[in-house]
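Have a look at the structure below, then the notes.
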Amino acid sequence: MNKTLNIGAPWAIGAFRVVVGFLFLCHGLSTLFAWPVAPWGGQTSTWTDWPGGWAAVIELVGGILIIVGFGTRTAAFIGSGSMAVAYFWKHQSDGVLPIQNDGDSVVLFCWALLLLVFIGPGAAALSNVLGRTRSESTPEADSESELVTSA
């Protein structure tokens, strides 16, 4: 059972990355363009609005990068930090617990993105494909992979 789970883990992490990235992207699209739905309160922001517009740009760009798996750890780190700021800046003053202050999604995004910082993009990430292409084309990478496989 563990062997099967270990084999499937990179694919589960990749699916997790895509879902979290898509949800993060939807928040940015909603805030900036009212698509797929208008944001809470009905008011969109421009990217120059502080702090909402800037946060929406982080959600938009970060969500795309996380979905495709390119720069996942960096995008997730920045996104996680922006969600932590949003929680303490906007939500914390309305109550101690996230259930009291409508900060549930912000907290979940913060921790889900932070998890991606540590576990990486998983399978089917663009960075894996580009890394594999680069390493296959250099002779140094071939000799390093032989050392790893023989050890």
NE2 of His27 to CG of Leu32: how many Å apart, nearest 0.5 Å?
-> 13.0 Å
same_hphob_cluster(Leu115, Val19) at 4.5 Å side-chain heavy-atom cutoff = yes
Any chance you could measure Glu59, atom CD, to Met83, atom CE, to the nearest 0.5 Å?
-> 4.5 Å
In terms of hydrophobic clusters joined by side-chain contacts under 4.5 Å, are Ile64 and Phe33 together?
-> yes
Looking at side-chain heavy atoms only, is the closest gap between Thr72 and Leu65 below 4.5 Å?
-> no
Distance in Å, Asn6 CG paired with Met1 CE, rounded so as to fall on 0.5 Å steps = 11.0 Å
Taking the side chain as every heavy atom from C-beta outward, state whether Trp54 and Val57 have any atom pair closer than 4.5 Å.
-> no
If you look at every heavy atom in Phe109 and Val20, which pair is closest and at what distance?
-> CE2-O, 3.9 Å
Taking a hydrophobic cluster as the set of Ile, Leu, Val, Met, Phe, Trp and Tyr residues connected by side-chain heavy atoms closer than 4.5 Å, whether directly or through intermediates, do Leu113 and Leu108 fall within one such cluster?
-> no
When rounded to the nearest 0.5 angstrom, what distance separates CG in Leu116 from CH2 in Trp111?
-> 13.5 Å
Decide if atom CG of Leu5 counts as having more than 12 heavy atoms of other residues, nucleotides or ligands within a radius under 6.0 Å.
-> yes
What are the two closest non-hydrogen atoms of Ser82 and Phe24, and how far apart are they?
-> OG-CZ, 4.3 Å
Shortest non-hydrogen separation from Gly21 to Ile66 and the atoms involved | CA-CG2, 3.7 Å
Among the clusters formed by ILVMFWY side chains lying less than 4.5 Å apart, do Phe118 and Phe16 turn up in the same one?
-> yes
Of all the heavy-atom pairs spanning Phe70 and Leu126, show the shortest one and how long it is.
-> CB-CD2, 4.1 Å
To the nearest 0.5 Å, how far apart are CD1 in Ile119 and CG in Leu114?
-> 10.5 Å
Take atom CZ in Phe77; do more than 12 heavy atoms of anything else shown fall under 6.0 Å from it?
-> no
Quick one: are Thr31 and Leu60 in side-chain contact, heavy atoms under 4.5 Å?
-> no
Is a side-chain N or O of Asn101 found less than 3.5 angstrom from the main chain of Asp94, in a donor-acceptor match?
-> no
Report yes or no: does Ser127 contribute a side-chain atom to a donor-acceptor pair with the main-chain N or O of Gly69 at less than 3.5 Å?
-> yes
For Ser30 and Trp35, indicate whether the former's side chain and the latter's backbone hold a donor-acceptor pair under 3.5 Å.
-> no
Donor-acceptor contact below 3.5 Å, side chain Arg17 vs main chain Ile67 = yes
pair Pro121-Asn128: side-chain heavy atoms closer than 4.5 Å | yes
